[in-house]
Each structure stands twice: as structure tokens, then as C-alpha cells.
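FYI, side chains are in, hydrogens and waters are out, and symmetry mates aren't considered; it's all heavy atoms of this structure.
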Amino acid sequence: MIAEISDLHFSYGSVRALDGINLNLGEGAVGLLGPNGAGKSTLLRILLGFLAPQRGSGRVLGFDIRLEQNRIRRHVGYMPEDDCLIPGMDAVTFTAHFGELSGMPRQEAMKRAHDVLYYVGLGESRYRKLEEYSAGMKQRLKLAQSIVHDPRLLFLDEPTSNLDPQGRKEILELIQDISSKKDIHVLISSHILPDIETVCSEVVILNKGRLASQGKLAELRELNYRLYEIRIKGDGDGFGAKIKALGCRVEETEDKLIKAYVPADLDTREIFRVAREENVQVRHFVRSRTSLEDLFARSVGVD
């Protein structure tokens, strides 16, 4: 377990940012999701030791979040959403500087800086001034500084923001390599749901300061509903209304494909019973894979 949190509360004045969060974060790559104001940033700051919880307790990598904040930061890497670059520095000096801040001797930090800059694809640009870097290069540099001290756990806050599709793909490949081959656990906070689905096997969804859903993606997809793709011949309006009455959520695409989100406890034979009643022929009935977007909408109450 990389983090354990119990009854965590934090407020900014009258605004409750976290309201009784209980979490056990597993190993590997975990996605942290939630709409604006859900409490994601506050949770990250508490786990990093930048904020102290007003109530509750927790451990990160076995260290107490109230009493051992310095030890947590020694073993954790952090890639912030906003730029943390220092004008006038080149990339290797900047990265080595963060290694020293993490407690590494200067010579070791400089050697490690060269290594991680080559790893993220900035080896040929490591002596350029940071203000000359493109958006994609800055994201790679922020990733490099977060792993320069060889952390056990990595916090990534919107790691693919402001990137084009190719840049996103390359950053995600690096994150996958880090989490699968470098023995570094990763917690990714992002609003880009396909990124989370690509990299993570487990997700945590917050909403209004509370835990909305948590678990393995495969298990969560099964927990709330099963998605079926249906094609029919006959009155689609009457059929759709009847299966909605059974508790299904129903969508129809432009090419007349019906997507039925069937509650886990509903026998799918009920759908065929409705088809008989409505004199509808079911021409296509196939189980499909629910997306993270569907799960997210369900968890936070978005229709």
C-alpha cells in the first residue's frame, strides 16, 4: 500500500475541500479524477506534506503525514501542473539543483541529471536556457526533475497539459515505463480521462470533497452497470422508453446504434421481453466495454 488515509478533513474558511476521505492507494499507477473543486489538489498537497489535515490521519509509504513530512518528501517526486522553471538556468543545472534539494550530493546530483534528461528525451538540449524550451520540452523537464532523486512514489499533476497529440503520447509512454519498469509507483491527477485509462489500472474519483468511487478499473466497470450495444428493427422510441423504465440508461448514436447501460442486477432477458412486447426485432445485441468517461459521469452524477 503506497498511501493510507483515514477520515481526512480540510477546509478553506467555510469551503470544505475534503470531507471525511478514507482511501487505501495500491501499488502501480493510480489515477486521481474529479471535477473542478473536487479536492484533488488539496489531497495532493496533504500527501506531499505541504498542508496539515485539520482532522484525520494518514501515511504515505509508511510515513505519518503529520509527523514525518520531510521523510515523505525525500522519497516522493512531484511534477506540478504549473511551470516551476528558473529563468537563466539550463536544464542540467536546473535538474541537478532539484536533486540537491532532495538531499543528493552535488556531484551525484549532476551525474543523475544528465541521465534523466537523456531518459526523457532532452539529452541534446540539456544546455539550452529554460526560457527557450517549448511547452512539450518543459513538460519533459518537469518530469525529469521529479525523478532525479530516484523516488519510490511519483505525484504527477496534469502531466500532459498543453501538449499536442504526439507530445501526449510520448509523455504517457514515459509514465508507463516509469511505473512498470522503474519500480516507481505513480499517482496521476488529470482531467484528460483517456490519459488515465491508458496508463492506470486503478482510479480514485473525488466529488465535492468526498470519495465518489475507488478501485480497479475493470472492477468499477462491472460494479454499476454493463454496457450493451443494440440494433433493432421497429419502433425505437417505444423500446427505448420501456428499457429506461427497467432502470437502464439509454443513448442512441447517429447511426441508430442503441447503447444500453444495464444495472448489474438486471437480467438481460428483460430487454428481450420488452422487445417482444413492442414488436421489435433485436438484430444486434453485443456486450461492450464501458469507458472511463461513462464511469466518471456516473460517479459524479453527470447525465
Side-chain angles (χ1 to χ4, degrees), residues 2 27-32 44 47-50 61 70-190 192 195-196 198-200:
I2 61 174
E27 299 179 349
V30 180
L32 179 62
L44 282 180
L47 294 178
L48 285 163
F50 298 154
L61 299 173
N70 288 338
R71 297 184 72 182
I72 289 172
R73 288 196 287 271
R74 194 174 303 152
H75 296 282
V76 167
Y78 177 46
M79 178 181 176
E81 178 180 7
D82 298 325
D83 284 347
C84 57
L85 310 182
I86 303 174
M89 273 192 178
D90 59 39
V92 70
T93 304
F94 174 83
T95 307
H97 175 66
F98 275 83
E100 289 186 65
L101 290 177
S102 300
M104 299 176 72
R106 177 169 297 181
Q107 188 173 358
E108 181 183 347
M110 182 60 72
K111 180 181 182 301
R112 177 70 177 167
H114 286 278
D115 292 341
V116 295
L117 287 169
Y118 270 103
Y119 174 70
V120 302
L122 293 177
E124 300 301 322
S125 307
R126 65 192 187 279
Y127 294 116
R128 286 176 58 181
K129 299 298 183 184
L130 303 187
E131 50 265 40
E132 299 175 8
Y133 270 27
S134 66
M137 295 170 74
K138 289 176 181 178
Q139 290 299 99
R140 289 171 180 271
L141 179 60
K142 288 194 292 182
L143 182 59
Q145 64 79 27
S146 72
I147 60 174
V148 66
H149 59 301
D150 197 21
R152 293 167 54 194
L153 172 61
L154 194 57
F155 292 101
L156 306 176
D157 195 356
E158 302 290 352
T160 62
S161 62
N162 301 318
L163 297 182
D164 59 27
Q166 183 60 30
R168 278 181 57 209
K169 178 177 179 292
E170 292 169 354
I171 286 288
L172 291 175
E173 287 174 349
L174 283 169
I175 294 171
Q176 284 180 309
D177 189 73
I178 288 169
S179 65
S180 63
K181 298 179 182 178
K182 303 295 184 184
D183 198 27
I184 298 175
H185 308 298
V186 179
L187 179 64
I188 307 171
S189 175
S190 178
I192 305 175
D195 288 0
I196 297 295
T198 297
V199 175
C200 302

Rounded to the nearest 0.5 Å, what separation is found between the CD1 atom of I147 and the NZ atom of K182? 7.5 Å
Does the side chain of I192 come within less than 4.5 Å of R168's, by heavy atoms? yes
Any heavy-atom pair between the side chains of K138 and N162 that's under 4.5 Å? no
Has E131 got a side-chain atom pairing as donor or acceptor with G88's backbone, closer than 3.5 angstrom? yes
I want to check something: taking the side chain as every heavy atom from C-beta on, are V116 and L143 in contact at a cut-off of under 4.5 Å? no
Between L141 and T95, is any pair of side-chain heavy atoms under 4.5 Å apart? yes
Tell me, do Y133 and L85 make a side-chain contact under 4.5 Å, heavy atoms counted? no
For the residue pair A113 and A96, what are the closest heavy atoms and their distance? CB-N, 3.6 Å
Are more than 12 heavy atoms from other residues, nucleotides or ligands located less than 6.0 Å from atom CG of D115? yes
When you measure from the side chain of E170 to the backbone of V120, do you find a donor-acceptor pair of N or O atoms at a distance under 3.5 Å? no
Any donor-acceptor N/O pair, Y78 side chain to L44 backbone, under 3.5 Å: no
side-chain hydrogen bond (donor to acceptor under 3.5 Å, both in side chains) between K142 and Q139, intermediate numbers included: CA-CA 5 Å; K142 288 194 292 182; Q139 290 299 99; 2.9 Å; yes
Between the side chain of R152 and the main-chain N/O of I2, is any donor-acceptor distance below 3.5 Å? no
Keeping the roles fixed (side chain from H75, backbone from P151), state whether a donor-acceptor pair exists under 3.5 Å. no
Go through the steps to decide whether R71 and L61 satisfy the test side-chain contact (heavy atoms from CB on, under 4.5 Å), and finish with yes or no. CA-CA 10 Å; R71 297 184 72 182; L61 299 173; over 6 Å; no
Enclosure of R128 CZ (heavy-atom neighbours >12, cutoff 6.0 Å): yes
Any donor and acceptor pair, going by atom type alone, linking the side chain of S125 with main-chain N or O of L122 inside 3.5 Å? no
Does a sphere of radius 6.0 Å around CD in E124 hold more than 12 heavy atoms from other residues, nucleotides or ligands, not counting ones at 6.0 Å or beyond? no
To the nearest 0.5 Å, what is the distance between CZ (R74) and OG (S102)? 10.0 Å
Indicate the atoms forming the closest heavy-atom contact of S146 with H149, along with that distance. O-CE1, 3.3 Å
C200 to V30 - nearest heavy-atom pair and separation: SG-C, 3.6 Å
Would you find a donor on one side and an acceptor on the other, under 3.5 Å apart, between the side chain of R73 and the backbone of G49? yes
Could you pull out the closest heavy-atom pair between L117 and R126, with the gap in Å? CD1-CB, 3.7 Å
At their closest point, which heavy atom of F94 faces which heavy atom of M89, and how far apart are they? CA-SD, 3.6 Å
How about L174 and R140: do any of their side-chain heavy atoms sit closer than 4.5 Å? yes
Side chain to side chain contact (heavy atoms under 4.5 Å, CB included), paired with M104, selected from R106, Q107, E100, E108: E108
Once you round to the nearest 0.5 Å, how far does CG of D157 lie from CG of L32? 8.5 Å
What distance separates S190 OG from E81 CD, expressed to the nearest 0.5 Å? 9.0 Å
Between CG on residue L172 and CG on residue D195, distance to nearest 0.5 Å: 4.5 Å
Taking all heavy atoms of I171 and all of P159, pick out the closest pair and write down the distance. CG2-O, 3.9 Å
Nearest-0.5 Å distance, CG of residue L154 to CG of residue L187: 9.0 Å
Looking at side-chain heavy atoms only, is the closest gap between M137 and E132 below 4.5 Å? no
Check whether any side-chain heavy atom of V92 sits under 4.5 Å from a side-chain heavy atom of M110, and report yes or no. yes
